[in-house]
*Asks:* 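Got a structure here, written out as structure tokens. Questions coming.
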Amino acid sequence: MLIPSQNGKVAIVTGGAKGIGYSTAKHLSSLGMHVIIAGNNEAEGSEAVTRIQQDTHNEKVEFLYCDLASMKSIRQFVQIFKAKNLCLHVLVNNAGVMLVPERKTADGFEEHFGLNYLGHFLLTNLLLKTTKESGTENLNARIITVSSATHYVGELNFDDLNSSCCYSPHGAYAQSKLALVMFTYYLQRQLSEDGCYVTANVVDPGVVNTDLYRNVCWPGRLVKWMAARLFFKTAEEGAATSIYASVAPELEGIGGCYLYNGQKTKSADISYNEDLQRKLWNESCKMVGIPGSA
């Protein structure tokens with residue numbers, strides 16, 4: 001796939017200091033983009049910036065603090081970003097946690113739902129005006145959200161989105177990943193109805209050997225370590241679909257897709273339910289404190 005230079009474009013990658021996010025940020029930087037890594041670890045972020053600058057010979061890489069488990073931090077990040085008066089051509093909602101023990105975000109949300117989903121939901125909405133202003137008819141801005149095949153077994157429990165009853169880390173994680181898919185589809189429909197030059201797609205990186213598995217029990221970690229050598233993708237391989245969605249010329253103007261291994265793929269049947277998409281969107285707006293849709 002021949003990718004034209006991306007000089008002059010600006011990208012934000014959440015969780016861009018390590019794993020899939022780091023590989024995504026590095027590749028976008030190598031194409032000439034001004035890349036902003038959004039993360040909650042200053043030391044890791046600074047180190048990632050230095051390494052990417054050295055490897056890509058692109059000085060336009062920076063780190064901005066953003067804790068997706070805190071609505072206050074997300075709003076502060078957006079405020080700082082907007083003060084730079086930059087465009088935003090690519091937003092990669094990549095950060096996430098997996099199979100964490102039951103715990104709450106700063107705002108009292110279950111961590112998978114609060115960080116993986118609500119954090120990116122709020123971030124995307126707060127950046128939407130800038131994204132819309134950055135897209136053009138011939139060069140749409142792009143919003144890429146990283147989900148997982150786990151969404152296929154996910155269920156949305158509107159009576160208990162915070163998984164307060166009978167907490168299951170697997171169920172909570174799957175629910176957050178399903179919510180991300182449905183959010184993307186509803187967002188794309190809104191963008192299309194408004195005639196905006198912005199597309200929204202969701203990507204599945206596959207099973208990738210990253211430290212997301214650090215919360216798996218030790219027998220699981222042992223199995224994971226052995227399987228990783230044979231079956232797991234590297235972080236670079238896992239980032240390929242995010243990169244593809246960010247810059248591929250053949251995706252210009254195309255949104256509302258679930259992408260796996262660089263191909264459009266069918267997501268879970270429930271994810272296409274427009275009534276549930278709208279219900280999730282409006283409930284999410286209430287939870288993060290922004291206006292809902294009609």
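Remember, predicted model here, so these are calculated numbers, not experimental data. Heavy-atom basis, side chains included; hydrogens, waters and symmetry copies ignored. Position 1 is the first residue of the sequence, and the numbers go up from there.
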*Asks:* For I37 and A25, work out which heavy atoms get closest and say how close.
*Replies:*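 Closest pair (atom of I37, atom of A25, distance): CG1-CB, 4.2 Å.
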
*Asks:* If you compare all heavy atoms of A69 against all heavy atoms of L115, which two are closest, and at what distance to 0.1 Å?
*Replies:*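 Looking at all heavy atoms of both residues, the shortest contact is CB-CD1, 4.0 Å.
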
*Asks:* Would you find a donor on one side and an acceptor on the other, under 3.5 Å apart, between the side chain of S176 and the backbone of Y173?
*Replies:*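 A pair under 3.5 Å: yes.
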
*Asks:* Hey, could you give me each pair passing salt bridge (charged side-chain N to carboxylate O under 4.0 Å, His left out) that has a residue in residues 139-165? Not counting sequence neighbours.
*Replies:*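 Applying salt bridge (charged side-chain N to carboxylate O under 4.0 Å, His left out) to every pair that reaches into residues 139-165, excluding sequence neighbours, yields R142-E252.
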
*Asks:* So with a 6.0 Å cut-off around NZ of K264, is the heavy-atom count from everything else above 12?
*Replies:*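 Atom NZ in K264 is not crowded, with 12 or fewer foreign heavy atoms closer than 6.0 Å.
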
*Asks:* Hey, is the main chain of G256 close enough, under 3.5 Å, to the side chain of N201 for a donor-acceptor pair?
*Replies:*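 Looks like yes, one N/O pair under 3.5 Å.
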
*Asks:* If two hydrophobic side chains count as joined below 4.5 Å and joins carry through other members, does L122 share a cluster with V181?
*Replies:*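 No, no single cluster joins them.
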
*Asks:* Less than 4.5 Å apart, any side-chain heavy atom of L251 and any of L259?
*Replies:*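 The answer is yes, as the side chains (C-beta and beyond) meet within the 4.5 Å cut-off.
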
*Asks:* I'd like to know if the side chain of T14 and the backbone of A95 have a donor-acceptor N/O pair within less than 3.5 Å.
*Replies:*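 Indeed, once roles are kept as given, a pair shorter than 3.5 Å links the two residues.
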
*Asks:* Could you go through the side-chain contact (heavy atoms from CB on, under 4.5 Å) check for H120 and N116 one step at a time?
*Replies:* CA-CA 7 Å; H120 284 120; N116 294 358; 5.5 Å; no

*Asks:* Contact between I290 and F121 at the side-chain level, heavy atoms closer than 4.5 Å - yes or no?
*Replies:*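 I290 reaches F121 side chain to side chain.
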
*Asks:* In chain order, what residues pass the side-chain hydrogen bond (donor to acceptor under 3.5 Å, both in side chains) check against D194, with sequence neighbours excluded?
*Replies:*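 In terms of side-chain hydrogen bond (donor to acceptor under 3.5 Å, both in side chains), with neighbours along the sequence ignored, D194 is linked to no residue.
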
*Asks:* Considering only heavy atoms from C-beta outward, does the side chain of K18 approach that of N41 to under 4.5 Å?
*Replies:*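 With C-beta onward as the side chain, the pair stays apart.
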
*Asks:* Relative to each other, are the rings of Y186 and W281 parallel, tilted or perpendicular (30° and 60° limits)?
*Replies:*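 Y186 and W281: tilted rings.
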
*Asks:* Name all residues meeting the side-chain contact (heavy atoms from CB on, under 4.5 Å) criterion together with S246; count only those two or more places apart in sequence or in a different chain, and write none if there are none.
*Replies:*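 side-chain contact (heavy atoms from CB on, under 4.5 Å) list for S246, sorted by chain: L28, V90, V92, I144.
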
*Asks:* Looking only at atom types and distance, does a side-chain atom of Q277 sit under 3.5 Å from a main-chain N or O of S271, one as donor and one as acceptor?
*Replies:*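 Checking the backbone N and O of S271 against the side chain of Q277, a donor-acceptor pair under 3.5 Å is found.
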
*Asks:* Please tell me if the side chains of Y244 and V203 come closer than 4.5 Å, counting only heavy atoms from C-beta onward.
*Replies:*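 No - every pair of side-chain heavy atoms lies 4.5 Å or more apart.
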
*Asks:* According to salt bridge (charged side-chain N to carboxylate O under 4.0 Å, His left out), who are the partners of R75, at least two apart in sequence or on a separate chain?
*Replies:*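 Here no residue qualifies.
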
*Asks:* Determine whether V97 and V153 fall in the same hydrophobic cluster, where Ile, Leu, Val, Met, Phe, Trp and Tyr are linked whenever their side-chain heavy atoms lie under 4.5 Å apart.
*Replies:*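 Different clusters.
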
*Asks:* Has Q175 got a side-chain atom pairing as donor or acceptor with G154's backbone, closer than 3.5 angstrom?
*Replies:*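 No: the side chain of Q175 does not pair with the backbone of G154.
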
*Asks:* Between the main-chain N or O of S29 and the side-chain N or O of N58, is there a donor-acceptor pair closer than 3.5 Å?
*Replies:*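 The answer is yes, because a donor-acceptor pair under 3.5 Å joins these two groups.
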
*Asks:* Can you name the side-chain hydrogen bond (donor to acceptor under 3.5 Å, both in side chains) partners of S192, sequence neighbours left out?
*Replies:*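 side-chain hydrogen bond (donor to acceptor under 3.5 Å, both in side chains) check on S192 returns Q188.
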
*Asks:* Quick check for you: to the nearest 0.5 Å, what is the distance between L31 atom CG and T56 atom OG1?
*Replies:*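 Here the rounded value is 10.0 Å.
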
*Asks:* Test M287 against L161 for side-chain contact (heavy atoms from CB on, under 4.5 Å), laying out the working first.
*Replies:* CA-CA 10 Å; M287 295 173 89; L161 290 172; 4.2 Å; yes

*Asks:* Looking only at the side chains, is there a donor atom on one of D67 and S73 sitting less than 3.5 Å from an acceptor on the other?
*Replies:*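 Distance-only check fails for D67 and S73.
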
*Asks:* So which heavy atom on G32 is nearest to which on N7, and how close?
*Replies:*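 In terms of heavy atoms, the two residues are closest at CA-OD1, 3.2 Å.
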
*Asks:* Under the side-chain hydrogen bond (donor to acceptor under 3.5 Å, both in side chains) rule, what pairs show up with a residue in residues 86-101, not counting sequence neighbours?
*Replies:*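 Those involving residues 86-101 are N93-T124, N93-T145.
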
*Asks:* What pairs with K177 under salt bridge (charged side-chain N to carboxylate O under 4.0 Å, His left out), at least two apart in sequence or on another chain?
*Replies:*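 Listed in chain order: nothing, the list is empty.
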
*Asks:* Are the side chains of L187 and V198 in touch, meaning some heavy atoms are under 4.5 Å apart?
*Replies:*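 Side-chain contact under 4.5 Å: no.
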
*Asks:* If you measure from CD on E42 to OH on Y65, what distance do you get to the nearest 0.5 Å?
*Replies:*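 That separation rounds to 7.5 Å.
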
*Asks:* Please check if any side-chain donor atom of E236 sits under 3.5 Å from a side-chain acceptor atom of H27, or the reverse.
*Replies:*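 No, no side-chain donor-acceptor pair sits under 3.5 Å.
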
*Asks:* Describe, in one word, how the ring planes of F113 and Y117 are oriented to each other, choosing from parallel (under 30°), tilted (30 to 60°) and perpendicular (over 60°).
*Replies:*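 Aromatic pair F113/Y117 classed tilted.
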
*Asks:* My understanding is that only residues two or more places apart in sequence, or in another chain, count here; which of them pass side-chain contact (heavy atoms from CB on, under 4.5 Å) with A172?
*Replies:*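 Partners of A172 by the side-chain contact (heavy atoms from CB on, under 4.5 Å) criterion, ordered by chain and then number, come out as E110, H112, S163, Y167.
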
*Asks:* Would you give the length of the straight line joining atom SG of C66 to atom CD1 of I80, rounded to the nearest 0.5 angstrom?
*Replies:*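 That separation rounds to 9.5 Å.
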
*Asks:* Checking the side chain of D107 only, and the main-chain atoms of M71 only, is there a donor and an acceptor separated by less than 3.5 Å?
*Replies:*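 Yes, the answer is positive, given that a donor and an acceptor are paired below the 3.5 Å cut-off.
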
*Asks:* Using salt bridge (charged side-chain N to carboxylate O under 4.0 Å, His left out) as the criterion, list what pairs up with K129, not counting sequence neighbours.
*Replies:*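 Here the qualifying residues are E133.
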
*Asks:* With a 6.0 Å cut-off (strictly less than), is the heavy-atom count around NZ of K286, excluding the residue itself, greater than 12?
*Replies:*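 No, the 6.0 Å shell around NZ holds no more than 12 heavy atoms from other groups.
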
*Asks:* Mind listing the closest non-hydrogen atom pair of L280 and M182 along with its distance?
*Replies:*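 It is CD2-CB, 4.0 Å.
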
*Asks:* Measure across S23 and A239 and return the closest heavy-atom pair with its distance rounded to 0.1 Å.
*Replies:*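 Looks like CB-CB, 3.7 Å.
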
*Asks:* How would you list, by chain and number, every residue that makes a ring-ring contact (aromatic ring centres under 6.0 Å, His included) with Y258, sequence neighbours excluded?
*Replies:*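 Here the qualifying residues are H151.
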
*Asks:* Out of curiosity, T131 OG1 to N140 CG, how far, rounded to the nearest 0.5 Å?
*Replies:*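 Rounded to the nearest 0.5 Å, the OG1-CG separation comes out at 11.5 Å.
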
*Asks:* Decide yes or no for S148 and V207: does some side-chain heavy atom of the first lie under 4.5 Å from some side-chain heavy atom of the second?
*Replies:*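 Answer no - side chains too far apart.
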
*Asks:* Would R51 and E47 count as a salt bridge (charged side-chain N to carboxylate O under 4.0 Å, His left out) if you check the C-alpha gap in whole Å, the side-chain angles of each, and the deciding distance to 0.1 Å?
*Replies:* CA-CA 6 Å; R51 286 184 2 236; E47 182 183 344; 3.5 Å; yes

*Asks:* Side chains of V35 and I52, heavy atoms from C-beta outward: is any pair under 4.5 Å?
*Replies:*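 Not touching, per the 4.5 Å side-chain cut-off.
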
*Asks:* Going through the checks in order, is the side-chain contact (heavy atoms from CB on, under 4.5 Å) test met by K84 and L64?
*Replies:* CA-CA 12 Å; K84 293 176 176 290; L64 289 180; 3.9 Å; yes

*Asks:* First locate atom NZ of K26, then atom CD of Q53, and finally report the distance between them rounded to the nearest 0.5 Å.
*Replies:*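 One finds 13.0 Å between NZ of K26 and CD of Q53.
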
*Asks:* Would you confirm whether S134, through its side chain, and L88, through its main-chain N or O, come within 3.5 Å as a donor-acceptor pair?
*Replies:*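 Side chain of S134 to backbone of L88, a donor-acceptor pair under 3.5 Å: yes, one is there.
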
*Asks:* Taking V100 as the starting point, is it possible to reach L180 by hopping between hydrophobic residues whose side chains are less than 4.5 Å apart?
*Replies:*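 Same cluster.
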
*Asks:* List in chain and number order the residues that pass ring-ring contact (aromatic ring centres under 6.0 Å, His included) with Y22, two or more places apart in sequence or in another chain; answer none if no residue qualifies.
*Replies:*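 Checked Y22 against ring-ring contact (aromatic ring centres under 6.0 Å, His included); zero matches.
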
*Asks:* As a quick check of understanding, evaluate side-chain contact (heavy atoms from CB on, under 4.5 Å) for L139 and Y197, giving each step before the final call.
*Replies:* CA-CA 8 Å; L139 205 60; Y197 298 125; over 6 Å; no

*Asks:* List for me each residue that meets ring-ring contact (aromatic ring centres under 6.0 Å, His included) alongside Y272, sequence neighbours excluded, and say none if there are none.
*Replies:*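 Only Y185 meet the ring-ring contact (aromatic ring centres under 6.0 Å, His included) criterion with Y272.
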
*Asks:* Is the shortest side-chain heavy-atom distance between I12 and F77 below 4.5 Å?
*Replies:*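 When only atoms from C-beta onward are counted, F77 and I12 do touch, with a gap below 4.5 Å.
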
*Asks:* Is it the case that one hydrophobic cluster holds both M98 and Y152, taking links as side-chain heavy atoms less than 4.5 Å apart, direct or via other members?
*Replies:*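 They do not share one cluster, since no chain of ILVMFWY contacts under 4.5 Å joins M98 to Y152.
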
*Asks:* Should V288 and L156 be counted in the same cluster of Ile, Leu, Val, Met, Phe, Trp and Tyr side chains packed under 4.5 Å apart?
*Replies:*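 The answer is yes; both residues are in one hydrophobic cluster.
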
